[in-house]
Amino acid sequence: MRVVVVDDEQLAREELCFQLEQVGNAEVVAQAGNGLEALAAVERHEPDLVFLDVQMPGLTGFEVARRLLEHGEESPALIFVTAFDQHAIEAFEVNAVDYLLKPVDAARLEQALQRARRRLSSDRGAAEKAPLNDQLERIVKMMAGRQIRRDQVAVKVGERFLLVQADDIIYASVADESINIVTGHVAGTSNYRTLDDLQGRLDPDVFWRVHRSHLVNINKIKEIVPWFSRNYILRMKDAKSTEIPVSRSQTKRLRDYLKL
């Protein structure tokens, strides 16, 4: 089988690749360190099987799976690699997909590979894959809600890192290649590499990407100011009443949510 291994931790990728080499009958044709790299690797190499880490910055494993499903019968078999506890992982016990719990056990890896081979060698072909993909889509939607969110976020102020509650964050913005985080009492920078990374660790129902450079807590908006071309400016609840623009693509969402 042609295999792509996806994990944002290089050591974890290398360890899994080593284990696959020991098991045999699996050729690792590519590795990826995030969701976008994973999608590109699948398109380029057309693997039979993808080992997909669940918790990744930016696109999560579930979001990558959803995009791969859009390819229909051409989508590869998926094995999720996750640190979820046993109760959460029970949902993966279906023919369409398997899982490996970190740290990966060698015997369990071989069992997962055998299951993938049975699926790939099935002579029922595309007629079988459609309902299996439907089943995987239901799992993706159900489990996406269980994605691990951060209750606290580290904010660097001077030489110190202060822990703030995620709900206390008013907004985060990109400036000078740094991510600035502002709460009611703290303003500093984050070690997250991108705004996508930070957004992926926060509640998507609360934190909206209203602009490519700005992420706001929808509960910390003080005022909405109409702007030209039917767009808006948000005045936030920080001490400076910071004004944040809303992109055209997010304006409709804001109107619908707040009945503007």
Side-chain angles (χ1 to χ4, degrees), residues 8 34-35 54-64 66-67 83-85 88 140-158 160-260:
D8 63 319
N34 58 53
V54 171
Q55 297 98 347
M56 293 188 295
L59 290 177
T60 68
F62 293 124
E63 290 164 332
V64 172
R66 184 179 290 112
R67 294 195 185 189
F84 279 132
D85 64 34
V140 165
K141 289 179 178 179
M142 179 179 67
M143 294 301 292
R146 301 187 185 187
Q147 181 185 342
I148 293 176
R149 305 292 178 188
R150 300 293 185 193
D151 293 327
Q152 292 182 312
V153 175
V155 178
K156 187 176 183 182
V157 181
R160 299 183 301 160
F161 283 95
L162 303 180
L163 290 179
V164 301
Q165 294 296 317
D167 289 343
D168 291 337
I169 295 174
I170 297 174
Y171 69 89
S173 298
V174 176
D176 299 325
E177 299 184 354
S178 296
I179 296 176
N180 298 326
I181 293 179
V182 174
T183 75
H185 305 286
V186 172
T189 59
S190 169
N191 273 354
Y192 281 101
R193 292 171 293 180
T194 67
L195 213 52
D196 282 338
D197 292 350
L198 175 60
Q199 183 179 13
R201 293 299 184 262
L202 298 172
D203 187 342
D205 292 329
V206 175
F207 290 90
W208 288 16
R209 187 75 167 271
V210 296
H211 185 278
R212 61 185 176 85
S213 300
H214 303 284
L215 180 69
V216 305
N217 184 334
I218 197 71
N219 298 320
K220 303 289 186 180
I221 298 172
K222 178 168 64 176
E223 186 178 358
I224 300 172
V225 182
W227 205 241
F228 65 92
S229 300
R230 299 190 68 204
N231 288 343
Y232 296 101
I233 292 287
L234 305 180
R235 286 202 180 108
M236 306 305 295
K237 290 183 177 179
D238 60 310
K240 297 180 179 179
S241 295
T242 300
E243 295 185 345
I244 291 178
V246 180
S247 69
R248 183 174 301 175
S249 63
Q250 288 298 311
T251 295
K252 184 180 185 302
R253 183 186 183 191
L254 189 70
R255 283 201 196 104
D256 291 345
Y257 180 77
L258 296 175
K259 307 302 179 187
L260 300 175

Non-hydrogen atoms of [X] and [Y] that approach each other most closely:
X	Y	result
Gly35	Val64	CA-CG2, 3.5 Å
Phe161	Ala154	CD2-CB, 4.2 Å
Leu195	Arg212	CD2-O, 3.9 Å
Leu254	Val246	CD2-CG2, 4.1 Å
Val210	Pro245	CG2-O, 3.8 Å
Val157	Gly188	CG2-CA, 4.3 Å

Review point. Does one side chain, of His214 or Ser173, offer a donor that lies under 3.5 Å from an acceptor on the other?
Key: yes
Practice item. Look at Asp196 together with Arg209 and state whether they make a salt bridge at an N to O cut-off of under 4.0 Å. Key: yes
Check your understanding: Taking the side chain as C-beta and beyond, is there a heavy-atom pair between Ile170 and Thr242 under 4.5 Å?
Key -> no
For the [atom1] atom of [X] and the [atom2] atom of [Y], what is their distance to the nearest 0.5 Å?
X	Y	atom1	atom2	answer
Met236	Ile244	CE	CD1	5.0 Å
Ile179	Arg193	CD1	CZ	10.0 Å
Asp238	Thr183	CG	OG1	9.5 Å
His211	Asn231	NE2	CG	10.0 Å
Tyr192	Ile181	OH	CD1	8.0 Å
Leu198	Phe207	CG	CZ	8.0 Å

Point to revise | Arg255 atom CZ, neighbour heavy-atom count above 12 within 6.0 Å | key: yes
Review point. Any donor-acceptor pair under 3.5 Å linking the side chain of Ser241 with the backbone of Lys237?
Key: no
Check your understanding: Between the main-chain N or O of Asp167 and the side-chain N or O of Asn217, is there a donor-acceptor pair closer than 3.5 Å?
Key -> yes
Check your understanding: Is there a salt bridge (Lys or Arg N to Asp or Glu O under 4.0 Å) between Asp197 and Arg201 once you walk through the steps?
Key -> CA-CA 7 Å; Asp197 292 350; Arg201 293 299 184 262; over 6 Å; no
Review point. Going through the checks in order, is the side-chain contact (heavy atoms from CB on, under 4.5 Å) test met by Val206 and Asn219?
Key: CA-CA 7 Å; Val206 175; Asn219 298 320; 3.9 Å; yes
Revision key, fill the gap. With sequence neighbours left out, the residues meeting side-chain contact (heavy atoms from CB on, under 4.5 Å) with Arg253 are Trp208, Gln250
Point to revise | side chain to side chain contact (heavy atoms under 4.5 Å, CB included) partner of Tyr171, chosen from Leu234, Asn180, Val216 | key: Val216
